[in-house]
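Since the structure comes first, as structure tokens, the remarks are kept for the end.
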Amino acid sequence: MEKSLARYIWSNTRLQQLWILTVVALSMIPYFLSFDLPKQIVNGPIQGSGFEGEGATQTFFHLSYTFPVIGKVEFFQGIQLDRLQMLMALSLVFLALVVLNGLFKFYINTYKGRLGERMLRRIRFELIDRVLRFPPSQFKRVKSAEIATMIKDEVEPMGGFTGDAFVSPALLGGQALTALAFIIIQNFWLGMIAAAIVGVQAVVIPRMRKRLLELGRQRQLTARELSGRVGEIVDGIGTIHSNDTSNLERADIATRLGLIFSIRYDLYQWKFLVKFLNNFLAQVTPFLFYAIGGYLALQGRLDIGQLVAVISAYKDLPGPLKELIDWDQMRQDVQVKYQQVYEQFNIEPLIDGKIQEVPTEAIGPLAYPLVVTNLTVSDDSGARLVDHVSVEIRPNETVAVVGPNASGIEAFAEALGRLVWPDTGRITIDGKDLLELPESITGRRISYASADTYFFHGTLLDNLLYGLKHAPLTTPSYDDQAALEAKWYAIEAQKAGNPALDLNSDWVDYRAAGATGPQDILKTIRPVLDAVLMSEGVLDLALRSVVDTSIHVTLADHIVDLRAALRKRMEESELGNIVVPFDFDAYNSQATVGENLLFGSMKRPMMNNRRLAAHPYFQALFRETGLSDDLYAMGLEIAENAVELFHDLPPDHPFFQQLTFMTADDIPTYQGLLQKLQSRRFDDATPEERQAIIRLSFAYIEPRHRFGLLTDELMAKIVSARKQFHQNIPDDLAALIERYDPEHFISSASLMDNVLFGRIAYQQADASDRIRAIMGDLFDSLDLFDDVLSIGLEFDVGSGGKRLTMAQRQKLNLARALIRRSDYFVFNRPLSALDQRLQDQITHNIVRGLHKEGERPGIIWVLSNAKLAEIFDRILLFDRGTLVEAGNFPELSEQNGMFKELLS
């Protein structure tokens with residue numbers, strides 16, 4: 001990595017820098033002419049010099065040049081203008097020079113901006129590229145938040161400086177020298193005064209700003225450390241809560257913020273002191289010009305035009321000079337930042353870039369054994385985890401790796417998966433070192449999974465297929481406009497040193513998973529999910545999901561058939577009464593009062609309970625039907641019963657799980673509300689209090705809560721109000737509330753609700769599990785399971801997969817490795833979060849599933865349960881980092897060795 005920022009910029013942008021410097025040099029010509037023109041205007045047409053006689057004229061725009069040898073060559077004789085005409089002509093020329101200078105500035109600044117943005121893109125990409133090539137041990141020493149902060153924020157000024165690195169000193173220095181030279185030409189002493197002030201500013205101000213640079217460096221370091229500390233708090237929030245150390249973290253953050261405050265306050269004081277001195281020196285010079293220049297003009301040693309031109313020229317001198325000083329400060333500041341980036345990212349040894357290149361040829365299978373020769377692996381303290389181990393693992397062999405605690409088996413598996421680098425010895429395939437093989441081989445033909453999991457923000461399907469996204473395989477079809485944009489992006493990427501890989505392409509290597517394309521990938525996914533016992537979990541996610549009917553058209557079209565088939569299956573299995581179906585003319589006893597009243601599904605988030613309750617039509621319906629008083633009285637009864645029964649119970653009591661309408665925290669609130677509403681009259685309560693009481697009745701289910709509050713009369717009244725609600729529903733509500741229809745799919749309801757079209761009876765034990773089992777069989781029999789599976793695979797796993805449980809994450813991590821049909825599978829205790837029974841079952845499923853139909857990939861599995869080693873071809877037994885026993889299960893179990901002790 002280049003140590004000097006200036007050299008880094010020049011080496012990557014030299015041609016662009018030379019071009020813009022040429023443009024800057026050309027821009028000095030009209031810039032100088034714009035200084036001399038005011039003098040000609042004042043001395044000529046305004047004061048009348050050269051127009052003494054009546055009708056006198058002067059030549060305008062005479063162009064000639066005297067060449068050596070050739071002599072004088074006249075290009076244009078010019079035109080004769082009188083005094084007024086000359087004033088207008090020179091003024092128009094001045095205006096043209098102003099426009100021309102502005103166009104030069106516009107072009108230069110635009111070109112600088114584009115150059116800087118390209119360089120910023122280049123350096124950010126190179127830093128990310130270096131992160132991808134860091135040795136594994138480096139990630140134990142760095143904080144992800146600090147790395148992200150440096151790439152995102154700290155390199156930002158470097159992009160802006162790229163365009164200014166060589167152009168600004170040339171442009172600003174040229175402008176300052178041009179203005180200063182013009183002043184000296186007009187009057188030597190005034191020029192010397194300006195030069196002296198410029199010299200003081202150029203020497204004193206940069207020296208004072210060294211303190212600013214040091215304070216800026218301290219501010220950057222403390223801000224980066226704060227970012228890293230905040231990242232630690234977010235990642236370790238569970239540890240903080242479980243150890244009651246939140247106040248310790250607050251104290252730590254407060255101390256860091258105090259340090260940043262003191263640095264920034266000192267920075268502001270010093271910054272404005274420098275600014276005050278700089279502005280003072282800039283304002284002293286006009287005073288001297290007015291005083292001394294005015295004196296010389298009175299003495300007749302300086303004409304008025306020269307004085308006006310000198311003052312006008314000096315007016316343009318402080319600006320470029322100040323910006324030049326600012327540029328020098330920015331140069332030093334950016335160099336300091338770049339030095340910090342250099343120290344953080346200049347890591348040796350880096351992974352060779354060729355190892356991660358996109359392959360140009362097809363990757364063949366690994367038909368050679370893994371040979372481990374004299375392998376030694378140490379931890380960061382230098383303690384040996386694996387000590388001089390040598391072993392050979394054949395391509396079709398299944399190997400169980402077992403050992404007691406601290407035996408080094410995890411480190412051995414990590415070395416096979418290239419997650420750690422050996423201290424000595426090596427792992428080879430066909431005589432080639434594993435670390436020197438391209439990742440296009442090891443990342444496709446060797447799959448690794450451990451208990452440590454990480455998933456990127458996206459869907460289950462995205463993360464499941466992540467291990468198949470090696471290179472763009474199918475170019476997307478673009479229309480003409482999109483194709484032009486894609487081409488432009490590709491060209492810009494190349495100019496910035498970025499790869500021109502199209503992210504919109506289809507990156508999934510379907511053939512590596514045994515599929516032909518996206519149309520049959522689910523046929524490959526399902527056996528993998530079955531093997532890791534995750535299919536039911538994905539099915540549950542699908543049943544709880546709202547289905548996008550524009551994508552899952554087939555499922556939506558078959559929803560009526562599914563409902564009928566489910567009813568038939570339940571009747572055949574003596575579960576006919578387990579679901580109470582929705583009937584527009586009847587009250588559903590297993591649904592809430594609110595569901596019975598609405599008899600439909602709200603399209604969230606556009607519509608919710610609060611908005612519905614506030615709608616004028618809904619409120620008018622309540623008043624007309626008298627349900628306001630009925631449900632208010634019902635809500636009061638619910639509140640009284642709940643407060644009476646549960647006010648003495650602790651907040652974590654399991655009874656609160658049955659209260660769908662109230663939480664433990666709500667008990668004191670409703671206690672106070674009941675005391676206030678002793679009259680129990682509807683009119684005595686405020687609108688907010690009525691809403692709070694009626695809300696309780698909306699969530700009431702008689703068979704579940706059993707307060708005996710739903711009479712036949714009230715249920716009939718609710719059904720009647722329901723009919724009235726849907727009969728006259730306004731268009732704005734009809735667009736947001738989808739009425740239950742037995743002949744149609746309800747797009748705003750979950751898949752479970754669509755198939756059931758009713759509510760499960762609460763009296764039935766394990767009713768929900770039994771219904772799910774029937775639904776799974778039903779989807780299979782109707783050839784719809786893949787459609788349902790695809791809905792579950794659309795579930796967003798959240799940041800780092802945190803919306804999944806630890807067991808689900810480990811299953812998904814294992815499935816991600818299995819879906820890629822590799823030649824070697826290395827499993828490093830991948831299911832530690834599961835109980836031993838499930839671990840055994842999944843291990844059997846995988847070993848049997850991978851070794852079928854003539855396919856026998858090599859499997860190296862670090863086992864938690866030594867008894868499982870019986871299903872493997874060979875066993876490697878480690879103790880204290882050393883391979884102490886090797887053989888098959890019958891051999892080792894009959895010997896009186898360590899393996900027999902592990903079995904007992």
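In this chain, numbering begins with 1 at the start of the sequence shown.
Arg444 contributes no side-chain N or O that, together with a main-chain N or O of Gly467, makes up a donor-acceptor pair within less than 3.5 Å. In terms of modelled atom types and a separation under 3.5 Å, the side chain of Lys811 and the main chain of Leu533 share a donor-acceptor contact. Looking only at distances, a side-chain donor or acceptor of Arg418 sits under 3.5 Å from a matching main-chain atom of Leu434. Formation of a donor-acceptor pair under 3.5 Å by the Glu414 side chain with backbone atoms of Leu419 is not found in this model. Judged by distance alone, with hydrogens and angles left aside, the side-chain atoms of Ser832 form no donor-acceptor pair with the main-chain N or O of Ala451 at under 3.5 Å. Distance alone, capped at 3.5 Å, is enough to place a donor-acceptor pair between the Arg133 side chain and the Ile351 backbone. With hydrogens and angles ignored, the 3.5 Å screen pairs no side-chain donor or acceptor of Arg445 with any backbone N or O of Tyr824. With Thr549 contributing its side chain and Ser747 its backbone, the two residues share no donor-acceptor pair below 3.5 Å.
Using a 30° and 60° split on the angle between ring planes, Phe757 and Phe582 fall in the perpendicular class, above 60°.
Within the 4.5 Å cutoff, the side chain of Ile429 has heavy atoms near those of the Ile446 side chain. No side-chain heavy atom of Arg816 sits under 4.5 Å from any side-chain heavy atom of Val528. Taking 4.5 Å as the limit, every side-chain heavy atom of Ile409 sits out of range of all side-chain heavy atoms of Asn828. Using a 4.5 Å heavy-atom cutoff, the side chains of Val508 and Leu473 are not in contact. Put simply, the side chain of Ile846 reaches to within 4.5 Å of the side chain of Phe827, judged on heavy atoms. Taking 4.5 Å as the limit, some side-chain heavy atom of Leu612 sits within range of a side-chain heavy atom of Leu598. Between Met752 and Met775 the shortest side-chain heavy-atom distance falls below 4.5 Å. Using a 4.5 Å heavy-atom threshold, the side chains of Leu834 and Ile842 count as touching.
Listed by chain and residue number, nothing satisfies the side chain to side chain donor-acceptor pair (under 3.5 Å) test with Ser440 (two or more places apart in sequence, or in another chain). Partners of Glu397 under the salt bridge (charged side-chain N to carboxylate O under 4.0 Å, His left out) rule, at least two apart in sequence or in another chain, are Arg394, Arg874. In this structure His726 satisfies the side chain to side chain contact (heavy atoms under 4.5 Å, CB included) test together with Phe584, Phe599, Arg722, Arg739, sequence neighbours excluded. Judged as a salt bridge (charged side-chain N to carboxylate O under 4.0 Å, His left out), and not counting sequence neighbours, Glu536 has no contacts. Evaluation of the salt bridge (charged side-chain N to carboxylate O under 4.0 Å, His left out) rule for Arg526 yields Asp530, Asp780 as partners, not counting sequence neighbours.
For the side-chain contact (heavy atoms from CB on, under 4.5 Å) criterion with Leu464, the lone passing option out of Leu818, Ile521, Ile819, Thr459 is Ile819. Exactly one residue among Asp823, Asp873, Thr398, Asn396 makes a side chain to side chain donor-acceptor pair (under 3.5 Å) with Arg856. That residue is Asp873.
Checking Ser750 against Arg544 by side-chain atom types alone, no donor-acceptor pair falls below 3.5 Å. Side-chain contact, Ser748 with Glu738: a donor N or O sits under 3.5 Å from an acceptor N or O. Neither side chain, Asp452 nor Ser450, offers a donor N or O lying under 3.5 Å from an acceptor on the other.
Checked for salt-bridge contact, Asp509 and Lys469 miss the test: no charged N lies under 4.0 Å from a carboxylate O. Looking at Asp753 and Arg759, a side-chain N of the basic residue comes within less than 4.0 Å of a carboxylate O on the acidic one, giving a salt bridge.
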Given Val788 and Val538, is the side chain to side chain contact (heavy atoms under 4.5 Å, CB included) satisfied, shown in steps?
CA-CA 9 Å; Val788 178; Val538 177; over 6 Å; no
Does the pair Ile746 and Asp741 meet the rule for a side chain to side chain contact (heavy atoms under 4.5 Å, CB included), with working shown?
CA-CA 8 Å; Ile746 307 159; Asp741 188 337; 5.8 Å; no
Apply side-chain hydrogen bond (donor to acceptor under 3.5 Å, both in side chains) to residues Gln836 and Asp840 and explain how you reach the verdict.
CA-CA 6 Å; Gln836 196 60 55; Asp840 294 354; 2.9 Å; yes
Set out, in order, the CA-CA distance, both residues' side-chain angles and the distance that settles ring-ring contact (aromatic ring centres under 6.0 Å, His included) for Phe456 and Tyr466, then state yes or no.
CA-CA 9 Å; Phe456 296 96; Tyr466 184 77; 4.9 Å; yes
side-chain hydrogen bond (donor to acceptor under 3.5 Å, both in side chains) for Tyr587 and Asp583? Distances and angles first, verdict last.
CA-CA 7 Å; Tyr587 187 93; Asp583 184 348; over 6 Å; no
Check against side-chain hydrogen bond (donor to acceptor under 3.5 Å, both in side chains), Arg820 and Ser447:
CA-CA 8 Å; Arg820 189 172 62 225; Ser447 292; 3.0 Å; yes
Walk me through it: do Ile791 and Leu751 pass the test side chain to side chain contact (heavy atoms under 4.5 Å, CB included)?
CA-CA 9 Å; Ile791 297 170; Leu751 178 60; 4.3 Å; yes
Should Asn588 and Glu595 be marked as a side chain to side chain contact (heavy atoms under 4.5 Å, CB included) after you check the CA-CA gap, both sets of side-chain angles, and the distance that decides it?
CA-CA 9 Å; Asn588 191 313; Glu595 288 172 332; over 6 Å; no
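Atoms CE and CZ, on Met806 and Arg809 in that order, are 4.0 Å from each other to the nearest 0.5 Å. One finds the CZ atom of Arg848 at 7.5 Å from the CD1 atom of Ile871 (value rounded to the nearest 0.5 Å). Taking CG of Leu541 as the reference point, atom CG of Leu793 lies at 9.0 Å (rounded to 0.5 Å). For the atom pair CG (Leu831) and CD (Gln841), the distance works out to 11.5 Å, reported to the nearest 0.5 Å. For the atom pair CD of Gln808 and CG of Leu812, the computed distance is 9.0 Å after rounding to the nearest 0.5 Å.
Of all heavy-atom pairs between Ile393 and Ile860, the closest is CD1-CG1, 3.7 Å. Residues Ala500 and Ala493 share a closest heavy-atom pair of CA-CB, 4.5 Å. Closest approach of Leu778 to Ala565, counting heavy atoms only: CD1-CB, 3.4 Å. The nearest pair of heavy atoms linking Ser790 to His552 is OG-CE1, 3.1 Å. Contact record, Pro499 with Phe125: CD-CZ, 3.0 Å, taken as the closest heavy-atom pair. The two residues Trp861 and Pro830 come nearest to each other via the heavy atoms NE1-CD, 3.6 Å.
Screening residues 783-796 for salt bridge (charged side-chain N to carboxylate O under 4.0 Å, His left out), with sequence neighbours left out, gives Lys523-Asp786.
Other residues, nucleotides and ligands place more than 12 heavy atoms under 6.0 Å from the CZ atom of Phe134.
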